[in-house]
Amino acid sequence: MKLVYLILTVLYILFIFYISSLPDIALHFADTLTEKIFWNMGHIPLYTLLVILLFLALRPRKRIGFYLLIIISLTVALCDELNQSTVSGRTSSWMDICLDLIGIYVGILLIKIFFHENKTATEI
């Protein structure tokens, strides 16, 4: 089962890079500031799901394993922004990385709540 989650995780990371590789014209559906904020908030659930998939694929048991989830997810976020900066009409943004970090944190909290009931959600 871990192999299935590993394959899903890799496919999901490829999907993230595919989305960031689309030129701005392909994503031009946010005309107002409110719409842009709404679509930027999409980083949070995107990276929440990434952390959960990584957890299911790797099943870390110790605190260091959770740090590994964070490091891998943050590396994907940084590489994604770097990739996005090379695409016509797209830019990289520290705000996007901050939203990715919020998503990573939410994912870790959800993992702690739903997979480690005997610990509090803030223990990592």
Side-chain angles (χ1 to χ4, degrees):
M1 194 65 173
K2 284 174 68 170
L3 179 62
V4 172
Y5 286 118
L6 184 61
I7 292 169
L8 286 174
T9 303
V10 170
L11 290 173
Y12 190 72
I13 291 170
L14 291 173
F15 173 72
I16 290 172
F17 280 95
Y18 169 74
I19 291 172
S20 71
S21 297
L22 295 174
D24 186 42
I25 199 112
L27 297 172
H28 192 65
F29 46 77
D31 294 325
T32 68
L33 179 60
T34 305
E35 290 172 331
K36 288 178 183 177
I37 291 170
F38 173 79
W39 286 108
N40 273 332
M41 297 304 276
H43 284 259
I44 295 171
L46 195 69
Y47 280 84
T48 298
L49 182 56
L50 176 61
V51 171
I52 292 170
L53 284 171
L54 280 168
F55 171 78
L56 293 171
L58 303 176
R59 289 291 184 167
R61 300 265 185 239
K62 299 190 185 234
R63 182 176 294 198
I64 190 125
F66 284 94
Y67 291 132
L68 182 63
L69 296 178
I70 294 167
I71 290 168
I72 292 170
S73 299
L74 184 57
T75 301
V76 170
L78 291 170
C79 291
D80 178 48
E81 287 301 312
L82 182 63
N83 176 54
Q84 188 171 307
S85 72
T86 66
V87 176
S88 174
R90 304 285 300 268
T91 59
S92 59
S93 163
W94 283 106
M95 179 57 72
D96 288 351
I97 293 172
C98 289
L99 292 169
D100 297 342
L101 280 170
I102 292 169
I104 292 166
Y105 182 72
V106 169
I108 294 292
L109 285 178
L110 290 174
I111 289 165
K112 288 295 192 177
I113 290 168
F114 291 106
F115 293 98
H116 296 288
E117 302 84 18
N118 56 344
K119 294 183 180 181
T120 64
T122 56
E123 288 180 41
I124 295 181

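All residue numbers in this chain count up from 1 along the given sequence.
- Atom CG of L58 and atom NZ of K2 lie 7.0 Å apart (nearest 0.5 Å).
- No donor-acceptor pair closer than 3.5 Å links the side chain of R90 to the backbone N or O of S21.
- The one candidate from I72, I71, L78 that meets the side-chain contact (heavy atoms from CB on, under 4.5 Å) condition with L74 is L78.
- With rounding to the nearest 0.5 Å, the separation of CG in D80 from CD1 in I19 is 8.5 Å.
- Using a 30° and 60° split on the angle between ring planes, F55 and F66 fall in the parallel class, below 30°.
- Take T86 and apply the side-chain contact (heavy atoms from CB on, under 4.5 Å) test, not counting sequence neighbours, and it matches N83.
- Closest non-hydrogen pair, V87 versus S20, comes out as CG2-O, 3.5 Å.
- Cluster annotation: I108 is connected to I113 through the hydrophobic network of ILVMFWY side chains, with a link wherever side-chain heavy atoms come within less than 4.5 Å.
- Under the 4.5 Å side-chain heavy-atom criterion for Ile, Leu, Val, Met, Phe, Trp and Tyr, L68 and F115 are members of the same hydrophobic cluster.
- Under a 3.5 Å cut-off, the side chain of Q84 and the backbone N or O of T91 do form a donor-acceptor pair.
- The backbone N or O of I70 sits nowhere less than 3.5 Å from a side-chain atom of S73 that would complete a donor-acceptor pair.
- Neither M95 nor L82 shares a network with the other; the hydrophobic side chains, linked directly or stepwise wherever heavy atoms of I, L, V, M, F, W or Y lie under 4.5 Å apart, form separate groups for each.
- Taking a 6.0 Å sphere around CZ of F17, one finds it holds more than 12 heavy atoms contributed by other residues, nucleotides or ligands.
- Only one option out of I102, L109, V106 pairs with T48 in a side-chain contact (heavy atoms from CB on, under 4.5 Å); it is V106.
- Follow the hydrophobic side-chain contacts under 4.5 Å out from W94 and you reach L101 in the same cluster.
- Both I111 and V4 belong to a single network of hydrophobic side chains, linked directly or stepwise wherever heavy atoms of I, L, V, M, F, W or Y lie under 4.5 Å apart.
- With sequence neighbours excluded, the residues satisfying side-chain contact (heavy atoms from CB on, under 4.5 Å) with T9 are I13, L50, L53, L54, A57.
- Side chains of L99 and M41 form a contact here, defined as non-hydrogen atoms less than 4.5 Å apart.
- Under a cut-off of 6.0 angstrom, the local environment of OH in Y5 is sparse, with at most 12 non-hydrogen atoms contributed by other residues, nucleotides or ligands.
- Proximity of Y47 to V76: side-chain heavy atoms (C-beta onward) are separated by under 4.5 Å at one or more points.
- Contact of the Y67 side chain with the P60 side chain is not registered, since no non-hydrogen atoms from C-beta on lie closer than 4.5 Å.
- Atoms CG and CG, on L46 and D96 in that order, are 10.5 Å from each other to the nearest 0.5 Å.
- Between F114 and I52 there is no side-chain heavy-atom pair separated by less than 4.5 Å.
- Other residues, nucleotides and ligands contribute only 12 or fewer heavy atoms inside 6.0 Å of the CD1 atom of I64.
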